[in-house]
**Student:** 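If you scroll down you'll find the structure; I have some questions about it.
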Number of protein chains: 4
Amino acid sequence: MNSNKLSKGELTKQRLLQSAAKEFAERGYHEAKISTIVSNVNLTQPSFYLYFKNKEAIFQELISHFRNQLIPFVERTYEIAKLPHDEVPQRIQVGLSHLFQFFASDPNLTKVAFYQSEQGEEFRLVMIEMMASIFKHYQEVGLIRSSLFIEVAAEGFIAMLDRFTYRIILTNERDIDTLAKQMSDTFFYGILAER
Amino acid sequence: MNSNKLSKGELTKQRLLQSAAKEFAERGYHEAKISTIVSNVNLTQPSFYLYFKNKEAIFQELISHFRNQLIPFVERTYEIAKLPHDEVPQRIQVGLSHLFQFFASDPNLTKVAFYQSEQGEEFRLVMIEMMASIFKHYQEVGLIRSSLFIEVAAEGFIAMLDRFTYRIILTNERDIDTLAKQMSDTFFYGILAER
Amino acid sequence: MNSNKLSKGELTKQRLLQSAAKEFAERGYHEAKISTIVSNVNLTQPSFYLYFKNKEAIFQELISHFRNQLIPFVERTYEIAKLPHDEVPQRIQVGLSHLFQFFASDPNLTKVAFYQSEQGEEFRLVMIEMMASIFKHYQEVGLIRSSLFIEVAAEGFIAMLDRFTYRIILTNERDIDTLAKQMSDTFFYGILAER
Amino acid sequence: MNSNKLSKGELTKQRLLQSAAKEFAERGYHEAKISTIVSNVNLTQPSFYLYFKNKEAIFQELISHFRNQLIPFVERTYEIAKLPHDEVPQRIQVGLSHLFQFFASDPNLTKVAFYQSEQGEEFRLVMIEMMASIFKHYQEVGLIRSSLFIEVAAEGFIAMLDRFTYRIILTNERDIDTLAKQMSDTFFYGILAER
DNA sequence: AATGAATGAGAATTCATTCAT
DNA sequence: AATGAATGAATTCTCATTCAT
């Protein structure tokens with residue numbers, strides 16, 4: 001599908017990126033060894049430098065690839081706020097599910113981007129920003145209670161998303177949709193009974 | 001007994017532990033340098049080995065110290081479930097505030113234990129366990145709604161706690177009690193309006 | 001015969017030689033990179049080995065080319081001694097000027113041959129030899145004072161030639177003829193006043 | 001004499017400097033290997049970094065040491081111009097002899113400073129400057145002919161000095177004083193006979 | 001209780017060179 | 001006549017750790 005006639009070199013580069021994602025995910029930036037990255041794709045070390053200037057460069061290329069996918073994803077998610085207001089929970093839940101799926105689609109990359117890179121926090125902030133903006137919109141139109149502390153809620157939401165992403169990536173213990181549903185439920189309705 | 005009259009050696013050891021916590025917190029285990037740890041307390045490298053077998057040992061001693069404080073703390077928090085049932089939110093909120101305070105009391109150590117060590121996840125699981133047990137209890141007595149997914153809620157709660165702990169440690173942007181209140185509010189009542 | 005219609009391959013070889021002269025001149029043998037030599041003529045590294053066995057080979061080809069030009073030049077300069085004896089200073093000065101001109105005609109090559117190669121000293125010795133022989137001849141016929149230490153004078157003359165060649169190559173600060181004249185003047189008449 | 005109670009470390013550092021001077025002199029900066037420098041004094045590579053930040057640092061320390069000796073030497077030589085004017089040739093010759101001796105006293109260092117470092121030219125310029133100033137002075141008082149091109153003469157003088165220094169360093173073929181005398185003679189009186 | 005001096009093991013990176021096409 | 005892809009062999013430098021004092 002996305003492998004339409006890659007030249008040998010391009011293929012090697014992709015293989016290196018994948019191998020690097022795995023190595024970085026497993027050991028973190030500094031403990032990741034170029035020797036491991038290359039030997040996993042049956043290359044020698046000098047070959048690495050045919051494709052990347054140095055260790056930092058391949059790392060940044062991974063992060064940058066992640067950003068290039070994440071940002072549009074987030075942009076699209078903003079749209080939620082522009083849709084008709086019925087079934088808001090339903091919509092957010094679907095959006096959440098999509099995010100989980102996106103992160104789960106390349107676990108190594110996600111792990112590197114969120115947990116091994118200095119940009120991880122930047123990515124979180126982008127998402128918090130997005131949630132805050134969505135929450136604010138719905139608060140204005142009365143779907144979200146006016147007493148909610150938007151910033152705390154947005155950050156808390158992303159904290160949960162983050163945690164369950166981590167779970168999904170590390171252990172496949174639940175199916176994603178169910179998890180999205182349960183997390184949304186908790187978040188929307190809170191935990192208390194009567195009131 | 002382990003009184004305040006520390007011998008010179010014991011004092012040096014304490015200073016090393018503190019310096020190490022700082023260094024590990026700032027750079028992570030692998031990037032932390034023994035040379036930095038010792039020079040921050042005006043010692044030479046060989047002196048380090050008078051007190052600790054190796055780098056791993058001082059790290060584990062830090063983690064172990066953290067565990068020794070955290071576990072009793074958590075045990076005590078369990079007690080919440082055994083108290084009279086009025087004012088549950090209030091109680092949980094106070095517990096949360098205490099946790100924040102505990103973590104904030106030694107930010108370097110907390111950072112290392114939660115974010116730089118492999119045991120970080122273990123500590124989180126202990127806390128999730130605790131929350132789940134508390135939630136379960138309150139669900140049984142009807143204070144928490146029966147439709148709540150306990151495990152997800154507990155894990156979500158700790159995810160938020162985790163996130164805001166991180167915020168508190170890194171930036172002192174809010175006072176802890178307010179944050180505890182706002183996070184509790186979000187979590188207890190959810191975000192939606194009507195209900 | 002080795003006419004101006006160069007085949008493509010011969011042309012490429014010449015281009016490589018020129019590029020190499022530049023690179024060797026700028027960085028010296030060991031710091032010169034084949035990658036730079038080839039990329040300056042828009043070739044890839046393997047192409048280099050189509051024309052030269054290795055780095056050493058292209059270097060020696062440059063030196064050898066220089067020698068092939070220098071030796072006849074020196075031979076011809078010997079002729080000075082065989083000419084009528086009037087206007088000796090004038091003749092030597094003209095010879096000097098020619099040498100300067102020769103060296104300046106391919107600065108990169110000259111720089112490499114004299115200052116970057118082990119054969120540089122050999123070239124200097126050849127020239128010292130030549131000057132000594134010329135001086136000796138003129139000493140015998142009484143044009144050069146009998147108290148002159150021929151070897152030292154010859155070596156000193158070449159030392160100056162060498163230095164000013166270096167100047168000419170690196171900075172075009174003076175016109176060559178003037179320099180030749182001033183150097184000759186210094187050398188012929190010494191520096192003292194009276195006499 | 002200059003080895004009054006060096007601590008072991010200081011001694012090792014001196015040994016490394018000497019070994020480095022030798023290695024740099026023989027192979028030039030880039031081809032010099034730290035492995036050779038250390039193994040010549042029976043140390044392992046990491047020990048090198050106990051004493052010098054890197055290869056560049058030890059090199060600069062050598063050059064800087066050379067400069068610290070050369071500059072005062074040159075300053076003192078300036079004094080020649082301030083002395084009574086009889087026996088000028090004699091004085092310059094003695095100064096020359098001293099310079100030769102100075103350079104010969106640490107051949108490796110001299111070779112490195114003059115021929116392997118980028119500062120070599122700077123050192124030459126300082127000396128040319130000095131000679132020009134001396135020549136100018138004597139020209140003004142009539143000891144040096146007014147038709148002399150001071151700059152060319154000064155540069156030529158240093159060129160000879162340079163050359164014979166090189167000879168002295170590489171081969172001990174003549175005794176220094178004789179060489180100084182012969183070079184001075186050539187330079188002062190020129191080469192021509194009658195006039 | 002502490003240090004001066006030294007090292008073993010390993011990591012990234014560079015570069016001339018080759019192979020297959 | 002030329003290139004895409006790859007590598008062997010070095011080399012600098014870092015760091016935890018040890019030894020002798």
Side-chain angles (χ1 to χ4, degrees), chain A residues 7-13 16 30-38 41-58, chain B residues 7-13 29-38 41-58, chain C residues 7-13 16 29-38 41-58, chain D residues 7-13 30-38 41-58:
Chain A
S7 69
K8 193 172 180 213
E10 282 160 345
L11 188 65
T12 300
K13 184 171 181 179
L16 280 170
H30 289 291
E31 280 309 282
K33 293 175 208 153
I34 298 203
S35 61
T36 305
I37 295 174
V38 293
V41 294
N42 287 318
L43 282 179
T44 56
Q45 294 214 34
S47 296
F48 176 89
Y49 295 90
L50 237 47
Y51 299 99
F52 304 96
K53 192 177 182 307
N54 50 32
K55 192 179 172 182
E56 172 73 13
I58 196 173
Chain B
S7 71
K8 191 166 182 216
E10 280 160 348
L11 186 65
T12 300
K13 183 169 182 181
Y29 180 76
H30 291 292
E31 283 307 281
K33 295 181 211 161
I34 304 257
S35 61
T36 304
I37 294 173
V38 293
V41 294
N42 290 316
L43 280 180
T44 56
Q45 299 207 33
S47 298
F48 177 90
Y49 294 91
L50 247 39
Y51 299 98
F52 303 97
K53 188 175 182 308
N54 52 30
K55 192 181 178 181
E56 173 73 13
I58 196 173
Chain C
S7 71
K8 192 170 182 215
E10 282 160 346
L11 186 65
T12 300
K13 183 170 181 180
L16 280 170
Y29 180 76
H30 291 291
E31 283 307 280
K33 294 182 211 161
I34 304 257
S35 61
T36 304
I37 294 173
V38 295
V41 294
N42 289 317
L43 280 180
T44 56
Q45 299 207 32
S47 298
F48 176 90
Y49 294 89
L50 247 39
Y51 297 99
F52 304 97
K53 187 174 183 308
N54 52 29
K55 192 183 179 180
E56 173 72 12
I58 195 174
Chain D
S7 70
K8 192 171 180 214
E10 281 159 346
L11 188 66
T12 300
K13 184 170 182 181
H30 289 292
E31 279 310 281
K33 294 174 208 153
I34 298 202
S35 62
T36 305
I37 294 173
V38 293
V41 294
N42 288 317
L43 282 179
T44 57
Q45 293 215 32
S47 296
F48 176 89
Y49 296 90
L50 235 47
Y51 298 99
F52 304 98
K53 192 177 181 309
N54 52 29
K55 192 180 171 181
E56 173 73 13
I58 195 173

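Side chains included, hydrogens not; waters and symmetry mates left out as well; all remaining heavy atoms used. To find a chain, count down the sequence lines: A is the first, B the second, and so on, and within it residues start at 1.
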**Student:** Using atom NZ of A:Lys33 as one end and atom P of E:dT13 as the other, report the distance to the nearest whole Å.
**Tutor:**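 One finds 15 Å between P of E:dT13 and NZ of A:Lys33, rounded.
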**Student:** Return the value, rounded to whole Å, for the distance between atom CD of C:Glu31 and atom P of E:dC15.
**Tutor:**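 To the nearest whole Å, that distance equals 8 Å.
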**Student:** On DNA chain E, check which nucleotide each of B:Thr12 and A:Glu56 is closest to and give me the residue with the more 5' one.
**Tutor:**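 The answer here is B:Thr12.
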**Student:** If you compare all heavy atoms of A:Asn54 against all heavy atoms of A:Tyr49, which two are closest, and at what distance to 0.1 Å?
**Tutor:**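 Nearest pair, atom of A:Asn54 first, then A:Tyr49: CA-CE2, 4.0 Å.
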**Student:** Scan B:Phe52 against the nucleic acid and name what it touches under 4.0 Å (heavy atoms): base, sugar-phosphate only, or nothing.
**Tutor:**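 Touches nothing.
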**Student:** Looking at every non-hydrogen atom in both residues, tell me the closest pair between A:Lys55 and A:Ala32 and how far apart they are.
**Tutor:**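 Closest heavy-atom pair between A:Lys55 and A:Ala32: NZ-O, 2.9 Å.
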**Student:** Report the residue (D:Ile34 or B:Ile34) whose heavy-atom-nearest nucleotide on DNA chain F is the more 5′ of the two.
**Tutor:**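 The residue whose closest nucleotide sits nearer the 5' end is D:Ile34.
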**Student:** To the nearest 0.5 Å, how far apart are NZ in D:Lys13 and CG in D:Leu50?
**Tutor:**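 Answer for the NZ-CG pair, D:Lys13 versus D:Leu50, is 11.0 Å.
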**Student:** Which part of the nucleic acid does C:Leu50 contact within heavy-atom distance under 4.0 Å: base, sugar-phosphate only, or nothing?
**Tutor:**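 Base, at least one base heavy atom under 4.0 Å.
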**Student:** Quick one, A:Val38 and A:Thr44 - any side-chain contact, counting heavy atoms below 4.5 Å?
**Tutor:**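 Contact flag for A:Val38/A:Thr44 side chains = no.
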**Student:** Rounded to whole angstrom units, what separation is found between the NZ atom of A:Lys55 and the C1' atom of E:dT14?
**Tutor:**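 Between C1' of E:dT14 and NZ of A:Lys55: 18 Å.
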**Student:** Atom OG in A:Ser47, atom CG in A:Asn42: separation rounded to 0.5 Å?
**Tutor:**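 Output value for this atom pair is 11.0 Å.
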**Student:** When Watson-Crick pairs (N1 to N3 and N6-O4 or O6-N4) and G-U wobble pairs (N1-O2 and O6-N3) count only below 3.5 Å on both distances, what is the dot-bracket string of DNA chain E, with | for other-strand pairs?
**Tutor:** .||||||||||||||||||||
**Student:** Once rounded to the nearest 0.5 Å, what's the spacing between atom CD1 of D:Ile58 and atom CD1 of D:Ile37?
**Tutor:**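 Nearest 0.5 Å value for the CD1-CD1 distance: 5.5 Å.
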**Student:** Please classify the nucleic acid contact of B:Ala57 as base, sugar-phosphate, or nothing, using heavy-atom distances under 4.0 Å.
**Tutor:**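 It contacts nothing in the nucleic acid.
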**Student:** What is the 5' to 3' range of DNA chain F, first to last nucleotide, that sits under 4.0 Å from any heavy atom of chain D?
**Tutor:**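 That gives a stretch of F:dT11 to F:dC15.
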**Student:** Considering all heavy atoms of both residues, which atom of A:Val41 and which atom of A:Leu16 are nearest to each other, and what is their separation?
**Tutor:**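 That closest heavy-atom pairing would be CG2-CD2, 3.8 Å.
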**Student:** DNA chain F: A:Thr44 or C:Leu43, which has the more 5' nearest nucleotide?
**Tutor:**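 First, find each residue's nearest nucleotide; the 5'-ward one identifies C:Leu43.
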**Student:** Restricting to ring pair (Phe, Tyr, Trp, His ring centres under 6.0 Å), what partner residues turn up for C:Tyr51, sequence neighbours left out?
**Tutor:**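 Counting only residues at least two positions away or on another chain, C:Tyr51 forms no ring pair (Phe, Tyr, Trp, His ring centres under 6.0 Å).
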**Student:** If I take atom CD from residue D:Glu31 and atom NE2 from residue C:His30, how far apart are they, to the nearest 0.5 angstrom?
**Tutor:**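 NE2 of C:His30 is found 4.0 Å from CD of D:Glu31.
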**Student:** If you assign A:Asn54 and C:His30 each to the DNA chain E nucleotide with the nearest heavy atom, which residue ends up on the more 5' nucleotide?
**Tutor:**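 Whichever sits nearer the 5' end wins; that is A:Asn54.
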**Student:** Can you measure D:Lys8 atom NZ to E:dT7 atom P for me and round it to whole angstrom units?
**Tutor:**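 Value for this atom pair: 8 Å.
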